[in-house]
Amino acid sequence: MNAEVSRRGFLKSAGLAGLAAASVGAFGSLPQAHADETTSAQAETAENSYIAALGENTQLLPVDKKIWDAERGPIGFEDREIPAEEISRTEECDLVVIGGGISGVVAAKKAAREGARVIVIEKMTKGRSAWESIGGYNSKAQQEIDNVPDPAEYAEIILRAAYNRVPAEVTWAFVNKSGETIDFVQEMLDEANSGIKIYSTKQDPYPYAIDMIQGEHKFELPEEYHWTSWMFGPPVMHALTEAVKADPNIDIRFLTSGVQLIQDESGRVTGVIAKDSEGYYRIDGAKGVLLATGSYTANPEMMQAWVRPEDYATSGNADPSIGVTGDGHMMGLMAGAQMDPIPHTVMNFGVPMGFFTAWGCSFTVNPSGKRFMNESLPMNYTSNAINTETRAGGRCWCIFDQAMMDAHKADGSATDETIAAALENETLVEGETIADLAAALGMDSAILEQTVETWNSYFEGDSRVDSEFRRDLTTAVPMGDGPYYASPIRSMVYAVVSGLTINGNAQVLDKENKVIDGLYAAGNAAGSMFAGTYPRHLPATSVGRAATFGYIAAAHAVKGE
C-alpha cells in the first residue's frame, strides 16, 4: 500500500481500518468498528464501514434504514498494510484477471490469443453463471439471418434507458465491439468442442411505447446436455472455462482471492496481492489488472450502504452466487477510483413467489386490494411497481378464479399435491367468495370486490379496453365463478449493475476522470452503463457488456488498442 492511498483519505474513513483484517480469517465476517457516537449519522457510519468508503468528503443522505436479508459471502478484499513477512512469494505475468466469470474468461482468452501470459484468480470454485443470453450488435449470427440492428439506434436506446446519466463513450464502445466479442465467444465454445451454438433472436416489438433492440443472442445446446432450464449460463460457462484451462498461456486458479491491488510510486497498478489456502503471495509486473469480480448482492452491509432501500427492503435475492461481495469495488476505491453515483442500479424483476412459474393470474392487487399496474410490462417495471406498493409493508397478489386453476391443472403447472403444499406454506390463499378471499388476505372486502367489478367491466361489449393501465387484454379473461385464489408476487434482485467508472477502453478512472494506469474493470465490477434500474426490456445487455468489456480490456492492456 503506497502513501498516495493514505493521502486520499481511504484509510482514514470511519470503520474501514481493519475491515478485511477480520474477514481474512473468518471469511465474510464483517467487523463492527466502535467509535464515539455523538450523532446518529456517526453511529451509522461506525456500524457500517461501507457508508464511509468514498472517503472523508462523504455526504450522508437521510433515508430509512432497511435490512437486506441475504446470505453473506466470503470477502476477499483487505484494507490493511500486509507485512512483507506474510508474503510467501512473488510471481509475474502480463495480465492479472481477478474473477472467473464471463468477463474474466473472455479477457483471459483474448489476452492469451495476443500472446500474453495470463493469471486468473477466482475465490470461488467456479465463475458465476446466472444468465441465459448475450447481447450485441453486428455479430455473424445476426448477419446470417439479416437481423443486424442500427448501431446509432442501439446506442441511443441504451443511453435513453439510463436517462443519459452515463458516458456515451462507454455505450458506443460496447456497441462497436460487442459483435466481435460474441463471435470470439463462439470461437471459445468451438475450441472447447462443446457443440454449443450462438444464434440471433428476433424480438417482437414491445407495446406501450417501450423501446426494443434486436440484440439478444441465445445458446443452442447439443441434445446430450438434456438441459431443461431457461438459464443457459452454467453449461456455457463450463465450456468457456474449459477453453481457458486448456490454453498454455493461461493459469486459472480457483479458491484464490484478490486481496489488494499493488501500485508503484507513480500510482500505476502493476499487480495484486492474492490469497489461497497457503496464505498471501504477490502477482506483479503486469501490463494490466482486470477487476472482474461481479457485484455485491452477497454483502448485506454494502447493499445497505450503496443501494436505494426500496430496491431491496421487501425483495428476495435471486443471485445464486455468494461470491459477489464487492471485492473489486473496494480494491478500486482503495486505488483512488471513481465509482458510479449512489444509489446504485439494481437488476430487479417482479416475479411470483413459489406457486406459478409465470404470472398465471387475471390481475394483480396491492396489499389493500387495489390493482396497481399493467401486468404485461417488462419485469423491471413490474418489479418497481411492486416495491412501491410494499414500501410500507404487506404483499402484492396475483388474483384468479377456479377456471384458471383448472387450466393450470390441465397443463400440468399445478397438481393436487402442489396446491395443497402451496396452501400450507401460504404461497396460495383460497376463498369461496371474493369477500372470503379478501378476509383471508386481510383486505377490505369492498375494495377487492370493486377491483374485480372494474376488471370485469373491461370485457363488456365488443371491445376490450383497460381504461386504467392500458394493458392489452387480447389473451386476458374476466373473473368467473369461485372458489377464488391469490398467490403472492414480489421483486427479486439478481445483481447490482453499478461499479467503478470506466472509459471506452475499460480503463478505470479516478475522481478527476483521469485514467488509473494499469487498472481495468468489466462486468458488474464496472459502471458507466446503467442508471436507475437495469433495462430488462433491452435483452441480454448485461452479459453482453460483461463479455465485451473483458474483451476490450484485454486487447487494450496487451496491445494498447
Side-chain angles (χ1 to χ4, degrees), residues 93-122 124-144 174 176-201 215-222 224-225 227 231-254 288 290 292 294 506 520 522-523 540 542-559:
C93 66
D94 297 313
L95 178 67
V96 182
V97 178
I98 308 175
I102 191 165
S103 299
V105 294
V106 169
K109 192 65 178 178
K110 172 61 176 174
R113 183 76 62 85
E114 301 298 339
R117 295 169 300 124
V118 185
I119 295 177
V120 181
I121 59 174
E122 165 58 56
M124 309 303 287
T125 58
K126 60 180 66 176
R128 183 183 185 274
S129 57
W131 39 269
E132 75 278 14
S133 54
I134 184 170
Y137 152 75
N138 201 28
S139 67
K140 291 179 180 178
Q142 287 176 334
Q143 295 169 18
E144 287 172 0
F174 162 70
N176 287 332
K177 287 293 185 178
S178 54
E180 183 179 332
T181 300
I182 291 169
D183 297 342
F184 185 77
V185 170
Q186 182 65 70
E187 291 175 15
M188 292 179 66
L189 294 171
D190 294 342
E191 188 174 317
N193 295 314
S194 68
I196 299 173
K197 299 298 180 184
I198 297 174
Y199 66 94
S200 174
T201 65
E216 184 182 50
H217 300 70
K218 290 189 175 180
F219 302 93
E220 181 181 353
L221 306 184
E224 57 265 29
Y225 273 86
W227 194 260
M231 191 175 286
F232 292 99
V236 175
M237 272 302 303
H238 174 75
L240 296 177
T241 303
E242 289 301 304
V244 165
K245 288 180 178 178
D247 195 304
N249 279 352
I250 304 173
D251 183 354
I252 184 167
R253 305 169 184 180
F254 296 99
L290 172 63
Y520 299 82
S542 177
V543 175
R545 75 122 178 192
T548 299
F549 282 105
Y551 183 87
I552 289 172
H556 190 271
V558 175
K559 300 174 61 181

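Within a 6.0 Å radius of NE2 in His556, more than 12 heavy atoms belonging to other residues, nucleotides or ligands are found. For Glu220, the CD atom counts as loosely surrounded, since its 6.0 Å shell holds 12 or fewer non-hydrogen atoms of other residues, nucleotides or ligands.
Considering all non-hydrogen atoms of both residues, Gly104 and Ala292 come closest at N-CB, 4.0 Å. Scanning all heavy atoms of the two residues, the minimum distance from Glu122 to Gly127 falls at OE1-CA, 4.2 Å. Residues Ala192 and Ala239 approach most closely at CB-O, 3.3 Å, considering heavy atoms. When every heavy atom of Val120 is checked against every heavy atom of Gly100, the shortest pair comes out as CG1-CA, 4.3 Å. Of all non-hydrogen atoms in Gly136 and Ser178, the two that sit nearest each other are CA-OG, 3.3 Å.
Between Trp131 and Ile102, some side-chain heavy-atom pair lies under the 4.5 Å cut-off. Within the 4.5 Å cutoff, no side-chain heavy atoms of Asp94 are placed close to those of Val118. Looking at Tyr551 and Val185, their side chains never come closer than 4.5 Å, going by heavy atoms from C-beta outward. In this structure the side chain of Val244 reaches within 4.5 angstrom of the side chain of Met188, judged on heavy atoms. Contact of the Thr125 side chain with the Phe254 side chain is not registered, since no non-hydrogen atoms from C-beta on lie closer than 4.5 Å. Between Ile196 and Pro222 there is a side-chain heavy-atom pair separated by less than 4.5 Å. Taking 4.5 Å as the limit, every side-chain heavy atom of Ile121 sits out of range of all side-chain heavy atoms of Val97. Using a 4.5 Å cut-off on side-chain heavy atoms (C-beta onward), Leu290 and Val96 make no contact.
With salt bridges taken as basic N to acidic carboxylate O contacts below 4.0 Å, none links Lys140 and Asp183. Salt bridge Lys109/Glu187: absent, no basic N to carboxylate O contact under 4.0 Å.
In this structure, OG on Ser133 lies 9.5 Å from CZ on Phe232, to the nearest 0.5 angstrom. The CE atom of Met231 sits 8.0 Å away from atom OG of Ser129, with the distance rounded to the nearest 0.5 Å. Atoms CG and CD, on Asn138 and Glu180 in that order, are 10.0 Å from each other to the nearest 0.5 Å. To the nearest 0.5 Å, the span separating SG on Cys93 from CG on Asp251 amounts to 9.0 Å. Remark: Ile252 CD1 to Glu242 CD distance equals 9.5 Å, nearest 0.5 Å. If you take OH on Tyr520 and CD1 on Ile552, they are separated by 11.5 Å, rounding to the nearest 0.5 Å.
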Handout entry: Step-by-step side-chain contact (heavy atoms from CB on, under 4.5 Å) determination, Ile119 to Arg253
Key = CA-CA 8 Å; Ile119 295 177; Arg253 305 169 184 180; 3.8 Å; yes

Exercise for the section: Go through Tyr225 and Ser194 one step at a time and tell me if the side-chain contact (heavy atoms from CB on, under 4.5 Å) criterion holds. Expected result: CA-CA 10 Å; Tyr225 273 86; Ser194 68; 4.2 Å; yes

Practice task
Show your working on salt bridge (Lys or Arg N to Asp or Glu O under 4.0 Å) between Glu114 and Lys110 and close with a plain yes or no.
Solution key: CA-CA 7 Å; Glu114 301 298 339; Lys110 172 61 176 174; 2.9 Å; yes

Exercise for the section: Run the numbers on Tyr199 and His217 for ring-ring contact (aromatic ring centres under 6.0 Å, His included), then give the verdict. Expected result: CA-CA 5 Å; Tyr199 66 94; His217 300 70; 8.8 Å; no

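Side chain of Gln142 to backbone of Ser139: a donor-acceptor contact under 3.5 angstrom is found. Judged purely by atom type and a 3.5 angstrom limit, Thr548 has no side-chain atom pairing as donor or acceptor with the backbone of Phe174. The main-chain N or O of Ala547 is never found under 3.5 Å from a side-chain atom of Thr181 such that the two would form a donor-acceptor pair.
Between the side chains of Asp190 and Gln186, at least one donor N or O sits under 3.5 Å from an acceptor N or O.
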